[in-house]
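A short worksheet on the structure shown next.
Worth knowing before you read on, the calculation uses all heavy atoms, side chains too, and leaves out hydrogens, waters and symmetry mates.
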2 protein chains.
Amino acid sequence: MAHAVAAVPAPPEHELLRGAGLRVTGVRLAVLRALDGHEHSTADDVVRAVRADLGAVSVQAVYDSLHALATAGLLRRMEPAGHPARYERRVGDNHHHIVCRGCGLVADVDCAVGHSPCLTPSETHGFAVDLAEVTFWGLCPECANGP
Amino acid sequence: MAHAVAAVPAPPEHELLRGAGLRVTGVRLAVLRALDGHEHSTADDVVRAVRADLGAVSVQAVYDSLHALATAGLLRRMEPAGHPARYERRVGDNHHHIVCRGCGLVADVDCAVGHSPCLTPSETHGFAVDLAEVTFWGLCPECANGP
DNA sequence: GGCGTTCTCTGGAATGATTCCAGTATCGAA
DNA sequence: TTCGATACTGGAATCATTCCAGAGAACGCC
């Protein structure tokens with residue numbers, strides 16, 4: 001009876017990649033896993049996590065994967081001014097970010113108002129706007145108290 | 001009667017610097033002038049403008065001035081992801097930016113709603129928020145039509 | 001199951017904006 | 001006018017990211 005179910009189901013990450021028309025590779029799977037539960041990781045964080053997972057992997061392989069996945073909409077790239085880029089798997093929803101001026105810590109914020117009032121600029125200067133990005137700046141609890 | 005007014009009034013930039021507690025130097029005045037009518041200039045743009053104005057000036061002098069002026073609140077620094085930082089003299093008002101994905105062109109947008117509903121996040125995670133930054137992304141008319 | 005095309009990964013070097021450093025020049029208060 | 005603090009010079013360094021050419025792996029097709 002153990003073999004009644006035809007095959008081991010492919011892991012969800014596998015499906016995601018196929019669904020997006022991307023080849024399934026070890027590095028890409030490892031990148032997705034690395035970001036699971038570690039939102040707002042830098043490319044460097046991801047490189048370390050992927051190497052802990054797979055062994056030797058080149059920096060470019062990770063950058064390429066991050067690019068491919070971001071372009072396919074499987075992850076989102078955000079770049080706080082003055083900090084390296086950060087990646088997250090939470091996509092498709094309308095959420096924003098708080099960045100700490102002290103340590104660079106990033107936290108998610110759901111849109112303050114539910115729908116998107118600020119997401120339609122008053123005057124577009126003829127631009128075809130496709131995305132509104134809101135970043136809050138401040139100090140995290142740690143940096144606000146610390147020396 | 002011509003000499004009734006005691007002295008030639010200091011240029012407004014001069015006053016601005018003194019008012020902010022900054023020393024008045026040629027480079028700083030030239031940086032402010034360079035940004036006049038050329039909002040959203042890059043550091044490189046400013047270096048070129050300052051050199052056209054004063055002659056030989058080091059890159060660091062311009063970066064130092066930009067930093068000092070930005071810290072003093074006399075200009076604002078904005079850094080669209082993937083592009084060099086840009087500087088503008090329009091400060092203190094609540095305005096945002098549209099950035100072209102094609103050419104990097106930046107335009108000003110007044111807050112879509114007048115006051116600031118989006119500027120108060122729903123949950124701050126304990127952060128002391130002091131600034132909300134809204135960036136719209138899209139294509140400028142030129143890039144939307146061009147090849 | 002093997003084959004070939006096409007995309008991905010490796011390793012190393014390059015880029016570009018920005019910053020660091022030590023020494024010299026300048027600003028402006030006394 | 002002098003002096004201390006601050007700004008500027010020139011050159012080298014940093015850091016995230018990208019470019020490059022070639023070796024390797026995925027997967028549609030026979």
Report the distance from atom CG of Leu29(A) to atom P of dA25(D), rounded to the nearest whole Å. 16 Å
Heavy-atom closest contact (Pro80(B) atom, Trp137(B) atom, distance): CB-CH2, 4.0 Å
Is it the case that the side chain of Arg89(A) and the backbone of Leu75(A) share a donor-acceptor pair, with hydrogens and angles ignored and the cut-off at 3.5 Å? no
Any Arg77(B) side-chain nitrogen or oxygen under 4.0 Å from OP1 or OP2 of dT18(C): yes
Heavy atoms within less than 4.0 Å of DNA chain D: which residues of residues 53-70 of chain A have one? Give them sorted by number. Gln60(A), Tyr63(A), His67(A)
Using modelled atom types only, decide if a donor and an acceptor are shared between the side chain of Arg76(A) and the backbone of Glu88(A) within a distance under 3.5 Å. no
Establish, from distance only, whether the side-chain atoms of Asp108(A) and His97(A) form a donor-acceptor pair under 3.5 Å. yes
Relative orientation of the end axes in the helix from dG1(C)-dC30(D) to dA30(C)-dT1(D), expressed as an angle to the nearest 10° (five pairs per end): 40°
Figure out the CD/P separation between Glu79(B) and dG16(C), and round it to whole Å. 17 Å
Give each protein N/O atom lying under 3.5 Å from an N/O atom of nucleotides 26-30 of chain C, with the pair distance.
residue	atom	partner	partner atom	Å
dC27(C)	O2	Arg23(B)	NH1	3.3
dC27(C)	O2	Arg23(B)	NH2	3.2
dG28(C)	OP1	Val24(B)	N	2.8
dA29(C)	OP1	Arg18(B)	NH2	3.3

Val62(B) vs Val59(B) side-chain heavy atoms within contact, under 4.5 Å: no
Quick one: do Asp130(B) and Arg101(A) make a salt bridge, cutoff under 4.0 Å? yes
Do side-chain atoms of Asp53(B) reach the backbone of Val50(B) as a donor and acceptor pair under 3.5 angstrom? no
Any side-chain to backbone donor/acceptor pair from Asn145(B) onto Pro141(B)? Under 3.5 Å, distance only. yes
Between atom NE2 in His83(A) and atom P in dT19(C), what is the gap in whole Å? 12 Å
Salt bridge check: are Arg90(A) and Asp36(A) linked by an N-O gap of less than 4.0 Å? no
Atom CG of Leu17(B) and atom CG of Leu32(B): how far apart are they, to the nearest 0.5 Å? 5.5 Å
